[in-house]
Each structure stands twice: as structure tokens, then as C-alpha cells.
Amino acid sequence: MAAPAPLRDRVYLLVSRIPPGSVATYGQLAELAGYPRRARFVGQALAAAPRSLGLPWHRVINAQGRISPRRGEGRRRDAESLQQRLLEAEGVPFVGGRVDLARHRWQPVVDAAWARAVAREAR
DNA sequence: GGTTTGACCCGTT
DNA sequence: CAACGGGCCAAAC
């Protein structure tokens, strides 16, 4: 499975705008990209994201405030602990294995142009 | 070309 | 809190 190209590219743009110390959820990004209820594809997009983009991928977690479990073994599991360490290093604490979304969720300022583009294309 | 497979989410039981 | 079901839908097989 792979995310549709339009969604994928918007996700990359959105993720690149998440500031240090904040986190966004998969569903939130899908919504912002104009593709509500397509949270899974956001995960797909991130899994397929080239390292060369240098995206702050670690700032994307699931709606429960937890780091989403990777399917594979070995390196993928390492990515999970790395993600937590990167976030804690930025000042995003994990309490009981979860991030307090009410406090750390990214609240982007959506400009009028973007809102219009999304409204037009989101059918 | 039908089936399986996901870095997900949410309401219900 | 855990389990389940339904929504989502492009690829890989």
C-alpha cells in the first residue's frame, strides 16, 4: 500500500512545518491535507518518505499520544525508541508511555490560500 | 482480478 | 483497559 501522490506530497509539506516541541497525529495531518479519514495513508507516506527529504518524521504520533508500533523487527523497532528519544530531547515528555496531546499537539495557522485549495480539492 | 496488507481512527461492547 | 468492527484504498501478490 502506498499513499496517493497528492496526499503524500502534502503530508511531506505539512510534516516539514511541524515545529520542534510539537507533535501531530496521522489523522490530523490527513485532515489538514484535505483527505479526512485517510490516516493510514499518512503512515504509508511517512514509511515511504526518502531520508533525503530530512523530514522531522519523529514528530508524528498516533491519536492515542503513543508512538505507533512498526510491523517489522530489528531496525524498525529501533526507530520507535529513537523517535521517543528525539521527542524527549526536544522537550516533549512521555508520561506513562504517552504524550499529552492536549499540551503538545501542533496547532498550525492555516492561511486562507491553503484553506481554499483544500476546500476546492477535497470534494 | 480477487485477496491480503498496512507508521490509523473511532465508536461500541 | 482490551477486543472488535467498520471505514479507508493503493500496492503487492
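Any value given below was found using the heavy atoms of this structure, including those in side chains, with hydrogens, waters and symmetry copies removed.
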Q | Check: Pro20(A) and Arg59(A) side chains under 4.5 Å, non-hydrogen atoms | A | yes
**Q.** Heavy-atom side-chain contact between Val11(A) and Arg8(A) under 4.5 Å
**A.** no
Q) Going by atom types alone, do Arg98(A) and Gln64(A) pair a side-chain donor with an acceptor below 3.5 Å? A) no
**Q.** Modelled atom types, side-chain donor and acceptor of Gln84(A) and Arg66(A), under 3.5 Å
**A.** no
Q) So Glu31(A) and Arg38(A), salt bridge (Lys or Arg N to Asp or Glu O under 4.0 Å) or not? Walk me through it. A) CA-CA 8 Å; Glu31(A) 182 86 42; Arg38(A) 247 157 284 187; over 6 Å; no
(Q) Quick check: closest heavy atoms across Ala33(A) and Leu7(A), and the distance to 0.1 Å? (A) CB-CD1, 3.7 Å
Q: With a 4.0 angstrom cut-off to heavy atoms of chain A, pull out the first and last contacting nucleotide of DNA chain B, in 5'-to-3' order.
A: dG6(B) to dC10(B)
Q.
Could you tell me how far dT4(B) sits from dG5(C) if I compare only their P atoms? Round to whole Å.
A. 16 Å
Q. What nucleic acid atoms does Ala47(A) come within less than 4.0 Å of, heavy atoms only: base, sugar-phosphate, or nothing?
A. base
Q.
Under 4.0 Å, counting only non-hydrogen atoms across every strand here, what does Arg38(A) touch: a base, just sugar-phosphate, or nothing?
A. sugar-phosphate
Q | ILVMFWY clustering at 4.5 Å (side-chain atoms), partners of Ile67(A) | A | Val23(A), Ile61(A), Leu87(A), Val92(A), Phe94(A), Val99(A), Leu101(A)
(Q) Distance under 4.0 Å to a non-hydrogen atom of chain A counts as contact; along DNA chain C, which nucleotides mark the start and end? (A) dG7(C) to dA11(C)
Q) Has the side chain of Gln83(A) got a donor or acceptor atom that lies under 3.5 Å from a matching backbone atom of Glu80(A)? A) no
Q: For Ile61(A) and for Ala2(A), locate the closest nucleotide of DNA chain B by heavy-atom distance; then report the residue assigned to the nucleotide nearer the 5' terminus.
A: Ala2(A)
